[in-house]
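Residues take their numbers from the sequence shown, with the count starting at 1.
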Amino acid sequence: MGATVLTAMSPVATTSGTFVDSGTIPTWAKRISILFNGVSSNGTVDWQLQLGLGATIYNTGYNSVVQNQNGSSTSGSTIGFIVTLSNAITDLYYGQVVLTNYSGFNWSVAGGTTGGTTNQQFRWVAGIATVTGLVDKVRLTTTAGVNTFDAGSISIVYE
């Protein structure tokens with residue numbers, strides 16, 4: 001069995017806009033890791049990851065959930081992989097979420113994020129998605145699509 005080669009893309013600033021897109025990821029990638037480094041937004045709604053190809057963002061076919069470490073709160077999404085829960089505007093988020101292509105256009109997500117300032121709880125992330133085509137990018141956005149990212153960066157590693 002051959003060695004897997006990990007490729008790290010340049011970090012993408014999450015300091016403006018209602019969404020942040022990764023650079024172009026090869027469509028043959030089977031695993032995409034998204035690393036959050038001090039990411040923040042100016043609102044309190046949950047954030048999500050959506051898969052895409054070119055100008056197309058897939059916003060159906062997801063079944064995902066995020067849960068606080070103590071199980072006191074959960075939230076789900078069918079339009080993306082939900083990755084945060086009950087954000088405080090002053091929170092900076094860190095963590096890693098891994099997307100895995102396990103068959104055709106079928107993807108799974110696992111990992112977690114943690115609020116590093118006000119709301120220091122770990123959030124478990126899990127879910128699956130069946131999208132309608134190949135994937136060459138990941139979009140980070142809010143579930144409402146209106147709040148603006150205002151701090152930090154994301155890094156993408158694929159294999």
Side-chain angles (χ1 to χ4, degrees), residues 1-41 46-54 56-69 74-85 87 91-117 119-143 149-159:
M1 195 161 157
T4 301
V5 176
L6 299 175
T7 302
M9 299 175 71
S10 296
V12 179
T14 52
T15 54
S16 66
T18 58
F19 65 88
V20 177
D21 286 346
S22 69
T24 303
I25 301 165
T27 57
W28 51 257
K30 295 294 185 193
R31 189 170 331 197
I32 304 167
S33 298
I34 300 92
L35 294 84
F36 294 80
N37 184 21
V39 180
S40 176
S41 74
D46 301 335
W47 306 342
Q48 64 189 359
L49 296 169
Q50 294 175 313
L51 303 173
L53 178 67
T56 301
I57 297 296
Y58 304 123
N59 59 10
T60 61
Y62 299 85
N63 186 2
S64 67
V65 67
V66 62
Q67 181 177 30
N68 278 355
Q69 67 189 26
T74 62
S75 187
S77 179
T78 58
I79 61 171
F81 289 127
I82 195 161
V83 294
T84 64
L85 175 66
N87 301 333
D91 278 351
L92 300 176
Y93 280 84
Y94 300 86
Q96 178 177 347
V97 175
V98 179
L99 307 172
T100 304
N101 177 253
Y102 62 91
S103 170
F105 302 145
N106 300 301
W107 290 81
S108 66
V109 65
T113 59
T114 186
T117 52
N119 211 353
Q120 296 181 4
Q121 285 194 23
F122 188 78
R123 287 134 179 100
W124 302 102
V125 175
I128 58 171
T130 300
V131 295
T132 57
L134 297 172
V135 169
D136 73 353
K137 74 175 166 185
V138 176
R139 171 171 286 179
L140 174 65
T141 187
T142 64
T143 54
F149 290 98
D150 56 16
S153 64
I154 57 171
S155 294
I156 306 291
V157 177
Y158 64 84
E159 57 185 292

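- Taking the six-membered ring for Trp, Tyr93 and Trp47 have ring centres closer than 6.0 Å.
- Scanning both residues, Ala129 and Tyr62, for their nearest heavy atoms gives CB-CD2, 3.5 Å.
- Side-chain N or O atoms of Tyr58 include none that pairs as donor or acceptor with a backbone N or O of Ile79 at under 3.5 Å.
- Under a 3.5 Å cut-off, the side chain of Asn101 and the backbone N or O of Asn106 do form a donor-acceptor pair.
- Using modelled atom types, one finds no donor on one side chain facing an acceptor on the other under 3.5 Å when comparing Asp46 with Thr84.
- Between Leu99 and Phe81 the shortest side-chain heavy-atom distance falls below 4.5 Å.
- Taking both residues in full, the closest heavy atoms of Met9 and Tyr158 are given as CG-CE2, 3.8 Å, listed atom of the first, atom of the second, then distance.
- Contact detail for Ser22 and Ile25: the closest heavy-atom pair is OG-CD1, 3.6 Å.
- Residue pairs meeting the salt bridge (Lys or Arg N to Asp or Glu O under 4.0 Å) criterion with at least one member in residues 5-29, sequence neighbours excluded, are Asp21-Lys137, Asp21-Arg139.
- The minimum heavy-atom distance linking Ser75 with Ile82 is given by the pair OG-CD1, 3.5 Å.
- Asp150 and Ser40 share a side-chain donor-acceptor pair at under 3.5 Å.
- In this structure, the side chain of Thr14 engages the main chain of Ser153 through a donor-acceptor pair within 3.5 Å.
- Across every non-hydrogen atom of Val66 and Arg123, the tightest pair is CG2-CB, 3.6 Å.
- Using a 4.5 Å heavy-atom cutoff, the side chains of Phe122 and Thr113 are not in contact.
- At a threshold of 4.5 Å between non-hydrogen side-chain atoms, the residues Leu49 and Val97 count as touching.
- Contact check for Val138 versus Leu51: side-chain heavy atoms found under the 4.5 Å cut-off.
- With hydrogens and angles ignored, the 3.5 Å screen pairs no side-chain donor or acceptor of Gln50 with any backbone N or O of Thr141.
- No side-chain heavy atom of Leu134 sits less than 4.5 Å from a side-chain heavy atom of Trp28.
- Gln48 and Ser77 share a donor-acceptor pair across their side chains, judged by distance under 3.5 Å alone.
- You'll find the side chain of Val39 stays beyond 4.5 Å of the side chain of Tyr94, heavy atoms only.
- Residue Thr18 comes nearest to Phe149 through the heavy atom pair O-CE1, 3.7 Å, listed as atom of the first residue, atom of the second, then distance.
- To the nearest 0.5 Å, atom CG of residue Asp136 and atom CG of residue Leu53 are 4.5 Å apart.
- Side-chain contact between Leu140 and Phe19: absent, with no pair of heavy atoms (C-beta onward) separated by less than 4.5 Å.
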Discussion item. What verdict does the side chain to side chain contact (heavy atoms under 4.5 Å, CB included) test give for Val109 and Trp107, after you've listed the backbone C-alpha separation in whole Å, the side-chain angles of each residue and the deciding distance to 0.1 Å?
Written reply: CA-CA 7 Å; Val109 65; Trp107 290 81; over 6 Å; no

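- Looking only at side-chain heavy atoms (C-beta outward), Phe105 and Val135 stay at 4.5 Å or farther from each other.
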